[in-house]
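A quick write-up on the structure given underneath.
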Amino acid sequence: MSSVSFRKLEKSYGALRIVKGIDLEIADREFVVLVGPSGCGKSTTLRMLAGLESISGGEIRIGDRVVNKLPPRERDIAMVFQDYALYPHKTVRENMAFSLKVRGVPEAEIRTRIAQAAEMLGIGQLLDRKPSQLSGGQRQRVAMGRAIVRRPQVFLFDEPLSNLDAKLRGQVRTEIKRLHQAIGTTIIYVTHDQVEAMTLADRIVILKGGEIEQVGTPDEVYNTPASVFVGGFIGSPAMNFARGTIRGGDVVLDGGAAIPLRARLAGSAGGLEGREVIVGIRPEHFVPASDGHAVSGRVQVVEPLGSDTLIHFAVGPSTLTARVAPQMRPAPGEALSIGVDPSRIHLFDAATERALV
Amino acid sequence: MSSVSFRKLEKSYGALRIVKGIDLEIADREFVVLVGPSGCGKSTTLRMLAGLESISGGEIRIGDRVVNKLPPRERDIAMVFQDYALYPHKTVRENMAFSLKVRGVPEAEIRTRIAQAAEMLGIGQLLDRKPSQLSGGQRQRVAMGRAIVRRPQVFLFDEPLSNLDAKLRGQVRTEIKRLHQAIGTTIIYVTHDQVEAMTLADRIVILKGGEIEQVGTPDEVYNTPASVFVGGFIGSPAMNFARGTIRGGDVVLDGGAAIPLRARLAGSAGGLEGREVIVGIRPEHFVPASDGHAVSGRVQVVEPLGSDTLIHFAVGPSTLTARVAPQMRPAPGEALSIGVDPSRIHLFDAATERALV
Amino acid sequence: MAIAGETTLAARQDENATKRWVRFLDPSERTLAVLLLMPAALLLALIIVYPVCRLVWTSFHNLSLTSGAPATFAGIENYTLMLEDPVFWETTWNTVLITLITVPGALLVGMALALMANLPFKVKWPVRLSLLIPWALPLSFAGLIFAWFFHSEYGVVNDVFRRLGFEGVIWFNSASWAFAAICLTIVWKTSSFMALIILAGLQTIPHSLYEAAEVDGAGRFRQFFEITLPLLKPSIVVALIFRTITALQTFDIPFTMTRGGPGTSTATLAMYIHQNTVDFLDLGYGSALAVVMFALSMAVTAVYLRMIRAKG
Amino acid sequence: QTNLRVFISSQHRPDVWRKAFDMYEAKNPNVKVTIETGGNTSEAQAQYLNTVMTAKDSSLDVMILDVIRPAQYAAAGWTVPFNDVIGDVGAYMKRYLPAYAEANTVDGKVVALPAFADAMFLYYRKDLLEKHGVQPPQTWDELAAAAKKITEAEKDPNLQGLSFQGKAIEGAVCTFLLPYWSMGKQLVSDGKLSFDKDAAVKSLKLWKDFVDQGVAKKNIAEVATDDTRKEFQAGNVLFAVNWSYAWGQFQGAESAVKDKVGVVKLPSVKGGQPASCLGGWEWGVSAYSNNKTEAQKLVQYLSSPETSEFMAINAALLPQFPEVYTDPDVTKAVPWFASARPVVETAKARPVTPRYNEVSEIIRTTINGVLAGQATPEEGATQMEGRLRRVLR
Amino acid sequence: MNRDTPDNRSFLSGKPLRILIGFILVVNGMFPALWILFTSLKTETELTAKPITWLPHAPTLANYLRAFTDQPLILFLFNSFMVAILSTALTLFVSVLAAYALARLQIRGRDLILSAIIAVSTFPLVTLLVPLFEIMRALGLLNTWVALILPYTVLSLPVCTLILVSFFEGIPRDLENSAMIDGCTRIGALFKIVVPLSAPGVFTAGILAFVNAWDEFLLALSFNSNPMLRTLPVGITLYQGEFAFPWPVISAALVVGIVPVAVLIVIFQERVVSGLTSGGIKG
Ligand SMILES: Nc1ncnc2c1ncn2[C@@H]1O[C@H](COP(=O)(O)OP(=O)(O)OP(=O)(O)O)[C@@H](O)[C@H]1O
Ligand SMILES: Nc1ncnc2c1ncn2[C@@H]1O[C@H](COP(=O)(O)OP(=O)(O)OP(=O)(O)O)[C@@H](O)[C@H]1O
Ligand SMILES: [Mg+2]
Ligand SMILES: [Mg+2]
């Protein structure tokens, strides 16, 4: 178990800069999730840490060692790949034993370690099967088992759940969390699914175009997104955005509605008056239209989820989504007026897309 | 546009019965979703309707015609495959034109139909690309476009979204719903994702092992699941189940907690007294433990989603999941006492697993 | 502070120690590539490149061993000699003709065989074996066997003809019949390799494309021409490259079947090269012929490679 | 201790040669002889030897060569002449059948020494000729007449009058040359082409006429030496032109014509001399040998009357010395050699030229083409002349 | 894949038709081999009978006896087998290394190298006979198995490399990465993971190389004159005399020569076809 640090980490393919100077300190035993849209450099970063990709600039340390030039096998890490990368020609047991054998761990020791890991993951009865005889979820567990038996300093996960179906994903997610609680090794986990990031991470690192957009606990990134990008990326269904202008303590949306913000703006002086802003409203922060400041629009699509209902409605030029109580079922085409909790809305500068207030 | 009906539809491979007598009437313009776990016969049923699989017994009608013996090309249907099955050597335009050309539709007509469909799906600028030059979402749209230009009587979709990532899936799902609202053709849609079923369907058909488990609107199957299977299948996170016994108007869980059911049981006489039951509680139906009848357990894993928090906690032998307000954040290992809304719990017979009351 | 300093120092040393290993076991990509390609390169240099250089050198010299004279520089004489050598033109023409007949022939037959073999047979191995045997049968054996088949008196072909009430044909008495017999044999021998490659290509076409086409209303033939054929193109091109190159080198089959007869009407360029080198010991001229043939094959390969690349 | 490596065809009784070598080793204890056997056909051996010699390889000391090759090997400088070791060349060579002396002497140099003889014979069905009261033919016309008479009388659809080699193999060269020689013409004199076109046309026409008249079968162009042998042996042929090896086979257990075979000189054209085609094999010493002197000594032993007699008796190889044919021990072991000698004595050597392979190629493809009906005899002769002129300028 | 659609069953996959097609395929492929088998059971006399016979009248194994006694057929088989196996092994080793470099490593001019490899294979070995002989002599390799193994390796190298390249390209890189993290070097990962996973490709390449080596005649004739080292194709010509061509005996020897390859094919046919299938030869 070990801390990990990235210092000005860079990666370029020829003239193309993929990772543009990442600075990050990961504490021992921490569970850090890297999220970001496809192509933002998450995998590249992780693979540089693993030694599978050369480093173009900066430095990576695991514990005290600078590992920039070490081959993967000497970095003392374990990695779970997106498609699990189980050796198809070896049984589950052989898959798990492989790294230990290569390192010359004695037979008896290998056997006990495999037994332990198998028990922890509930795959004891699968040990003699080949990967092709396993279901997706079982494969995922074996991949984790293969990593666990190594007892490495750091675990790396690259989108380990993206090949599972929705139901299983939730289940295995919980298992990974439990596993971390049990063994406590430092974990660096890459995903593009914000639900995984939210539920698993001690800290979330949000990447965009090879740079860090925000680092913080799940609550921090959910409640105080540093930018439009983070706001839109974290949370499901995604945050709604509407353009507006600040006018005398209210924010006036382009569609016409005004939301009173006097209370929140009080602190930040009147310097925002007349500023063009992007207003972010999470679907779950719409409230029944009881008081005056409601947004009005026309219902487009209604999606009943059973536990909630999603209403997609058009306000001026934009389509907003509200998550409301399951009983609420407006018909498509109907007019809708729905309230907004002014204390929960987010304001971003229209030009920089960074958070205001 | 046309109605579809299955009468005692059967399919066997040798001695193996895969589809075991399905009876179903689908109205014109209806959007019906077949859901069920993997291997339950959804695809087989759909493929029999398409004519890609022979029928072992029973009858399929499209409109007034019995189509049992007709080859696919004479059934006037269009199908969107899971892997899209776009012709890799043809451009998007040629892909869309193919079925029309085969049927001898005049060139001019083909051109206008493609233009229309492309506009509807926003793929106008992709028409001259090959499928390999498209992203997953774009391919999906092209596959739909290829179906739409046909103007068939029935659309068939076989898990059209399962190759897309979470974000895109939500987006395309809404698009399909909008599409159906626009063109109104009968749609039969196969998926194993209950969210898709709930949000898209006029009626959901839940299959299990080649038989229909329940047919109903999304609200029906969500609110009054006919069996443990349906209850567990529909809704996310999944319904919690706990074993219990009915004792003097209460249901006493194996963990010890008692939930008062006098009000609901009143109607159904005392015939249930002493009956072994399975109690189903949806995660969103836990309420703050204000009054007496709460379940108590120990927190295992807490997953903050931002908009809500999921708490997995152990009660007696079983692990339950509750969806609670985002502010609530018990620590793992903490004791938890949480209320249940007695009017929202589901009772199933422990032996037959069918709904009671 | 001191302790921390020590550990970093230790770590440094550790790293240095491993670095030496790194150089040995973990060479850079480029070094590794060179190392891995080295054995193949050495072998090719030894067995092909060096002899080819010798060959080219010889082709510019007068070197006929029957004269006993040492090699003298001849410039392009050997090449100009070719222009007025009727046998060169005849054998080249025969080679081209054989290529033009047997390559498409093998392609068509191979395609038919592949389509047939792709049907769902319950017992697969006899079909596979039948596809593989002609491919695995040595060319010279195939020539011998088929020469026997086409024998005017004892051959099974004429026997079948006679049983069907036709006159037997004296295959090797006539240039055109002999040519036909040779081409038939070559097609038989080579179509199975074509079939194997095409079969391989067939099995990579996703089944759902046929289902989509069926739903789209396309019948059998339309499916074949609109889906199977275009998607087989890469396999076909590869098969064609190998086939065309070997067709240009046709030697064993006409050599064992007709010796180029009657007259020189079925002799190929490869046979002529062999004859000049090995029988007539005119190494200069033989080498020049070989160089021409090599140029011919290279040209064909280049065309095909361009076809592949143009697609890719 | 000298180790000599001798290349022999595995067809020519290496087992018996081994015995001859053993005897030599016994007399010359410092010499050891190893046999290397190569492909069985003249062609396969040539292919192998050409490769070895082209590469100037010293692994062979002595090699057996088909009678057509010594000139070529000498020109290429691959063999060592014997002139220096045999003393009086004229006297030494006179002992052999004259055709062999001729075939092994190039520009006055003895380039190889004869190993054993062979020639083409006319085999005939003694039983059938007797049955129909026909004498063995002296001329080709007589042969045609006899064949017609007997085949018509026998009414056996499978019985052919005459079988010879029409396939484009070396044997076809002899086929062409037999009548050509019989007309007293030579193809090459003193290394120069002396092509007589009329004779060539007549020769080609003679054979083609046999086919057209039905004396020989229509597919004669695909008949190789052994096909002639097989068909005759199966009892389907009246007259056959073939080498001496056929005799032994005709007398074998599987033969349908055992004891029904006669052998005579080949017929002549009307007014010509009978001529046979010389076969047989010669011993040459490799120019790249490291033991040339020892090798030459060995060859002289191998090409001596004693060895000849030994091989005649033990391996039924035809002797290269005329008197050995009539040696009592030999006639006892192989009685038919008595009737073979006059035939061998009429045998002529195929053109002695370094470019014999090309000459052969031209002749055999032409006659094959004519027999197949691809060209008329006139056309064939013209082609032949043209191509031969290019080769033998 | 069973295409069991309603109109399908009425068409091509009808059972009688399928049997007929299977019959055509088998006859096309097997007839010559069977004919040789029949011939090997006939006497020479039966062979020249008119009209010809198909099945042997009185099958005899005498030809096999002669095939084994006239010439050391077992020795030919042994030599052929050893040369073929060893050159196959060498081919596989060399082409695995080269294919891995071409498939996985970032090499400039990769396409050029591949094209060069194909181009090299276009050179007819016949024409290189003499220079090759000189090389073998210079290296002192004449009359050794090595003299054949080296050129045979080169003969099959291009096509084997091509097959393996496309196979290696089909193996997920993550498997190798995983092995490297698990403690292997790159080469270790190649031999422990990539090669075993390309088994069908390796088998296909192997059979190709084996058959090429098993069949070759000209070089075997020229480089190995020592009777102890003769391979089967050369050996078979020894049954033929200067003039005699004993078909039945030669047929028997041919049958003996075909059988090992046929057995090999029957054993590996699934793998060979699936080897070619997995994109095997993609160019
Ligand atoms: N070998 C390469 N040469 C050039 N560009 C590359 C190479 N490998 C990756 N890239 C580019 O680097 C960028 C980052 O890739 P990376 O795999 O790290 O993305 P990611 O964040 O993991 O995305 P995903 O969620 O799709 O896995 C991508 O734009 C990719 O196209
Ligand atoms: N050709 C066949 N022969 C035998 N069994 C088959 C065949 N095709 C499908 N089956 C079986 O039929 C059952 C139903 O298959 P089907 O494809 O309809 O399932 P599904 O509900 O679509 O599942 P999924 O969600 O995984 O696509 C499966 O158990 C499958 O194994
Ligand atoms: Mg990635
Ligand atoms: Mg399915």
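Here is how names work: the chains are called A, B, and so on, in the same order as the sequence lines, proteins then strands, and each is numbered from 1.
- The greatest number of non-hydrogen atom pairs below 4.5 Å with chain C, out of P131(E), P158(E), P233(E), is found for P131(E).
- Note that CG of L150(E) and CG of L42(C) are 11.0 Å apart. Values are rounded to the nearest 0.5 Å.
- The part of M293(C) that comes within reach of chain E is its side chain, from C-beta onward, which places non-hydrogen atoms under 4.5 angstrom from that chain.
- For W247(E) (side chain) and W148(C) (main-chain N/O), no donor-acceptor pair under 3.5 Å exists by modelled atom type.
- Aromatic rings of F31(E) and F149(C) (six-membered ring for Trp) have centroids within the 6.0 Å cut-off, being under it.
- Considering only heavy atoms from C-beta on, L35(C) stays 4.5 Å or farther from L97(E) through its side chain.
- Residues D215(E) and F141(C) have side chains not in contact (no heavy-atom distance under 4.5 Å, counting atoms from C-beta outward).
- Note that CD1 of I47(C) and CG of L128(E) are 9.5 Å apart. Values are rounded to the nearest 0.5 Å.
- With a 4.5 angstrom heavy-atom cutoff, L155(E) does not touch chain C via any of its atoms.
- For a residue to count as touching a neighbouring chain, one of its non-hydrogen atoms must lie under 4.5 Å from one of that chain's; by this rule W35(E) touches chain C with the side chain only.
- In this structure, L132(C) and V261(E) have side chains that are not in contact, with every pair of non-hydrogen atoms separated by 4.5 Å or more.
- Between the CD1 atom of I21(E) and the CG atom of L115(C) there is a distance of 9.5 Å, given to the nearest 0.5 Å.
- For the pair L208(E)/W135(C), a side-chain contact is recorded, criterion being any heavy-atom separation below 4.5 Å from C-beta on.
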